[in-house]
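Working notes for the structure below.
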2 protein chains.
Amino acid sequence: MNSRRQNVIDTAHKLFIEKGYQATSIQDILDGSGISKGTFYNYFPSKGELFIAIFRSYHKKLRQAREELLIGQDLADIEIFIKQLELHMMVNKQSKLLILIEEVRVSNDDELKQFINRIQLLSIRWVYSRFLDIFGETKKPYLLDSAILFLGMMTHLNHFNYKAKTISSPEIKVIRYCMNRIVHIVNEVAESGEQILDPELIDTWIPNFRCNLHTSHNDLLQSTLALKKATNKALPCSEDRTKAIELIDFIHEEITQSSKPRQFLIESLLNTLKTQYATIAQQYVENFEENINFCLNQLENEI
Amino acid sequence: MNSRRQNVIDTAHKLFIEKGYQATSIQDILDGSGISKGTFYNYFPSKGELFIAIFRSYHKKLRQAREELLIGQDLADIEIFIKQLELHMMVNKQSKLLILIEEVRVSNDDELKQFINRIQLLSIRWVYSRFLDIFGETKKPYLLDSAILFLGMMTHLNHFNYKAKTISSPEIKVIRYCMNRIVHIVNEVAESGEQILDPELIDTWIPNFRCNLHTSHNDLLQSTLALKKATNKALPCSEDRTKAIELIDFIHEEITQSSKPRQFLIESLLNTLKTQYATIAQQYVENFEENINFCLNQLENEI
DNA sequence: ATTACATTTATACAGGCAGTATAATGGAAA
DNA sequence: TTTCCATTATACTGCCTGTATAAATGTAAT
């Protein structure tokens with residue numbers, strides 16, 4: 001049963017928060033969740049995979065919520081970025097995922113280490129891409145450095161601000177403090193031309209990025225064509241038909257052309273497609289959506 | 001024998017660098033250094049203490065070399081600070097201590113974790129105190145934040161710069177990059193008055209700081225008085241006597257009054273005392289020096 | 001040279017860990 | 001009822017740190 005599995009995940013998460021990952025033995029988890037060893041290894045191939053399962057469930061929700069904050073907003077608005085950071089910190093505060101990651105990052109489990117590494121890179125890439133939104137293409141050469149600095153500042157300052165429990169500043173203050181710093185930094189380095197790392201590097205660091213993209217784009221193209229065909233059949237009214245086709249084409253282009261497809265846009269448009277033009281044969285829409293998600297996942301490196 | 005012990009330390013260090021701390025078993029160390037288990041536990045009470053022994057030997061040398069760079073220099077000179085940072089990075093590069101620390105920081109061994117924690121705090125305090133030298137008392141309220149930001153930036157940027165092996169910037173470029181950033185930051189936050197953490201906090205974070213200082217200062221006073229008495233006896237020439245006494249008093253005050261005694265000054269003066277005024281009974285000078293070192297160690301928290 | 005002491009070795013052991021293997025048990029669908 | 005699958009209990013492998021101990025070796029003093 002799936003709820004049993006989820007119960008194990010929740011129990012383990014609690015224990016990890018209490019005692020730490022390494023210090024929590026599988027026996028502890030068995031005792032805590034009232035299952036037997038056999039069942040545990042039926043659910044998860046290893047302790048490391050259990051951790052990944054915990055992380056994944058949070059990360060997916062977080063990524064969605066983070067993207068939703070962008071809906072209808074100006075991507076260049078720093079305040080929106082700050083809201084996103086607040087969200088991150090809120091989730092991390094209650095789930096203690098960042099603290100656990102710190103611990104797991106250096107565990108014996110090589111697979112787990114690789115996973116964590118990837119997570120960190122993805123978070124750098126996210127900040128980098130948001131900085132690109134905020135500061136614009138002209139500042140691009142300096143934004144990987146800036147993203148790294150920003151995360152370094154945030155991590156450290158947060159850590160010690162957390163240590164100073166009794167008189168610590170609220171999280172939002174730390175966020176704004178670091179944002180104020182980074183805005184100046186970006187302008188400085190752009191002016192002086194100081195660069196440490198070329199932003200191109202980020203893609204080489206994240207494995208599988210864009211390597212299987214070509215084939216999945218091909219699949220997407222197939223399903224797009226099929227969907228358009230079905231649309232032409234389903235919508236006799238020429239006006240509706242044109243609009244629907246335009247919609248489909250836009251989505252397709254957003255995914256294949258943009259280096260960072262706006263997920264919230266795509267979701268909204270897909271919804272329109274499903275509700276407004278319900279006469280289109282469902283199977284084609286579903287197939288289309290499936291391929292879209294596959295591509296998006298690949299862009300996000302399906303962590 | 002001590003060289004045997006040192007050999008174990010060196011072997012273990014090599015293995016830790018190759019395979020990591022956790023992945024290196026004590027059996028590996030035994031095989032590598034050709035000793036038996038009994039001898040190992042005769043040398044070190046635990047694997048964690050072995051790690052601490054490795055770290056200590058490097059750290060002590062590093063601290064000395066770092067202080068020596070200050071001799072005869074302007075403490076406010078940023079270039080000197082940069083030289084010190086270069087030294088740090090050079091040592092860390094060959095010994096991989098920072099990487100090992102990252103790993104050990106989250107091990108199961110609570111004592112070890114505490115030790116690492118302390119190391120990190122000491123390094124923050126060091127940067128903070130150097131910032132105080134460089135930026136002056138007027139900027140003091142903002143310098144703990146700045147020290148934390150600086151270390152955060154350096155750590156992160158270095159990490160990823162190291163990752164980009166083939167085309168990575170030299171360390172000195174990273175240091176200068178971060179220094180340029182922090183100079184601007186200090187001025188910014190001083191102007192806008194933004195503060196996250198009160199510098200007073202740093203002393204509360206580092207345990208045992210100044211708690212046993214009183215008694216050791218008392219001991220120092222005793223040996224100072226004894227030395228001055230011996231000096232009076234040993235130096236008939238009134239001029240020499242006055243100079244020697246002034247010297248002793250200066251050292252005593254530097255240690256008891258200054259919150260951060262200048263070690264290079266003290267060392268130099270002690271040397272003068274030993275060579276120029278050799279007629280003073282050796283035992284008193286030695287006792288004096290011993291007490292001085294004890295006090296200094298306590299200030300540095302005898303890691 | 002012999003005695004006395006400290007260090008070192010070899011080896012067995014305790015207790016804990018992750019993960020495997022397997023036979024017995026339970027419940028649900030066919 | 002039988003078949004099938006998830007679950008349980010339990011024992012096991014092989015690894016780890018750290019302890020215990022008796023025998024061997026070296027070393028310094030008598």
Side-chain angles (χ1 to χ4, degrees), chain A residues 1-55 100 103-116, chain B residues 1-55 100 103-116:
Chain A
M1 227 187 258
N2 214 324
S3 78
R4 261 172 83 84
R5 197 184 114 108
Q6 190 57 46
N7 178 39
V8 177
I9 290 183
D10 295 340
T11 308
H13 190 185
K14 253 182 234 149
L15 287 170
F16 288 166
I17 289 175
E18 278 169 30
K19 314 179 23 170
Y21 173 78
Q22 316 226 33
T24 302
S25 72
I26 286 182
Q27 193 56 53
D28 292 336
I29 298 167
L30 302 186
D31 296 344
S33 54
I35 60 163
S36 78
K37 209 165 199 175
T39 307
F40 179 89
Y41 281 100
N42 183 28
Y43 290 157
F44 312 99
S46 71
K47 195 181 169 189
E49 290 289 332
L50 164 60
F51 181 87
I52 292 179
I54 294 174
F55 187 90
L100 286 174
E103 179 179 352
V104 166
R105 214 175 69 205
V106 289
S107 72
N108 275 335
D109 189 333
D110 271 339
E111 274 193 45
L112 200 42
K113 270 155 87 171
Q114 234 175 310
F115 176 78
I116 299 299
Chain B
M1 226 187 252
N2 214 324
S3 79
R4 262 172 84 83
R5 199 185 112 108
Q6 190 57 46
N7 177 39
V8 178
I9 289 183
D10 295 340
T11 307
H13 189 184
K14 253 182 235 149
L15 288 171
F16 288 166
I17 289 176
E18 279 169 30
K19 317 179 21 168
Y21 173 78
Q22 316 224 36
T24 302
S25 73
I26 287 181
Q27 193 57 52
D28 293 334
I29 298 167
L30 303 186
D31 296 344
S33 55
I35 59 163
S36 76
K37 208 166 201 174
T39 307
F40 179 90
Y41 281 103
N42 184 27
Y43 290 157
F44 312 99
S46 70
K47 195 182 168 187
E49 290 289 333
L50 164 61
F51 180 88
I52 292 179
I54 294 174
F55 187 89
L100 287 174
E103 178 179 351
V104 166
R105 212 175 71 206
V106 289
S107 72
N108 276 335
D109 189 333
D110 271 339
E111 274 193 45
L112 201 42
K113 270 154 86 171
Q114 235 175 308
F115 175 79
I116 299 298

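To find a chain, count down the sequence lines: A is the first, B the second, and so on, and within it residues start at 1.
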Practice item. Quickly work out the A:Ile29 CD1 to C:dG19 P distance and round it to whole Å. Key: 10 Å

Exercise for review: Please tell me which of the listed nucleotides, C:dG19, D:dG18, D:dC16, lies nearest to the side chain of B:Ser25?
Suggested key: D:dC16

Study note, to complete from the structure: B:Gln22 atom CD is separated from D:dT17 atom P, nearest whole Å, by 10 Å

Review point. Quick one: A:Leu30 CG to C:dT20 P, roughly how many Å, whole number?
Key: 14 Å

Check your understanding: Quick one: B:Tyr41 OH to D:dT21 P, roughly how many Å, whole number?
Key -> 17 Å

Exercise for review: Report the C-alpha separation of B:Phe115 and B:Phe55 in whole Å, then their side-chain angles, then the decisive distance to 0.1 Å, and conclude whether the ring-ring contact (aromatic ring centres under 6.0 Å, His included) test is met.
Suggested key: CA-CA 10 Å; B:Phe115 175 79; B:Phe55 187 89; 5.7 Å; yes

Point to revise | Student check: side-chain heavy atoms of A:Leu50 and A:Ile29 closer than 4.5 Å | key: yes

Exercise for review: Let me see the working for A:Ser25 and A:Asp28 under side chain to side chain donor-acceptor pair (under 3.5 Å), right down to the final yes or no.
Suggested key: CA-CA 5 Å; A:Ser25 72; A:Asp28 292 336; 3.3 Å; yes

Review point. So does A:Lys47 reach the base of C:dG19 with its side chain, donor to acceptor, closer than 3.5 Å?
Key: no

Check your understanding: Would you say a side-chain N or O of A:Arg4 is under 4.0 Å from OP1 or OP2 of D:dA6?
Key -> no

Exercise for review: Please tell me if the side chains of A:Asp109 and A:Phe51 come closer than 4.5 Å, counting only heavy atoms from C-beta onward.
Suggested key: no

Practice item. Report yes if a side-chain nitrogen or oxygen of A:Tyr43 is closer than 4.0 Å to either non-bridging phosphate oxygen (OP1 or OP2) of D:dA6; otherwise report no. Key: no

Check your understanding: How do B:Ser36 and A:Asp109 order along DNA chain C: which one's closest nucleotide is nearer the 5' end?
Key -> B:Ser36

Exercise for review: Please state how far atom CZ in A:Phe51 lies from atom C1' in C:dA18, giving the value in whole angstrom units.
Suggested key: 17 Å

Practice item. Return the value, rounded to whole Å, for the distance between atom CD of B:Gln27 and atom P of C:dT9. Key: 13 Å

Check your understanding: Is there a side-chain contact between B:Thr39 and B:Arg4 (heavy atoms, below 4.5 Å)?
Key -> yes

Check your understanding: Heavy atoms under 4.0 Å, any strand shown: does B:Thr39 hit a base, just sugar-phosphate, or nothing?
Key -> base

Point to revise | For atom CD1 of A:Ile26 and atom P of D:dT13, their distance in whole Å | key: 19 Å

Practice item. Please state how far atom CG in A:Asn42 lies from atom C1' in C:dG19, giving the value in whole angstrom units. Key: 14 Å

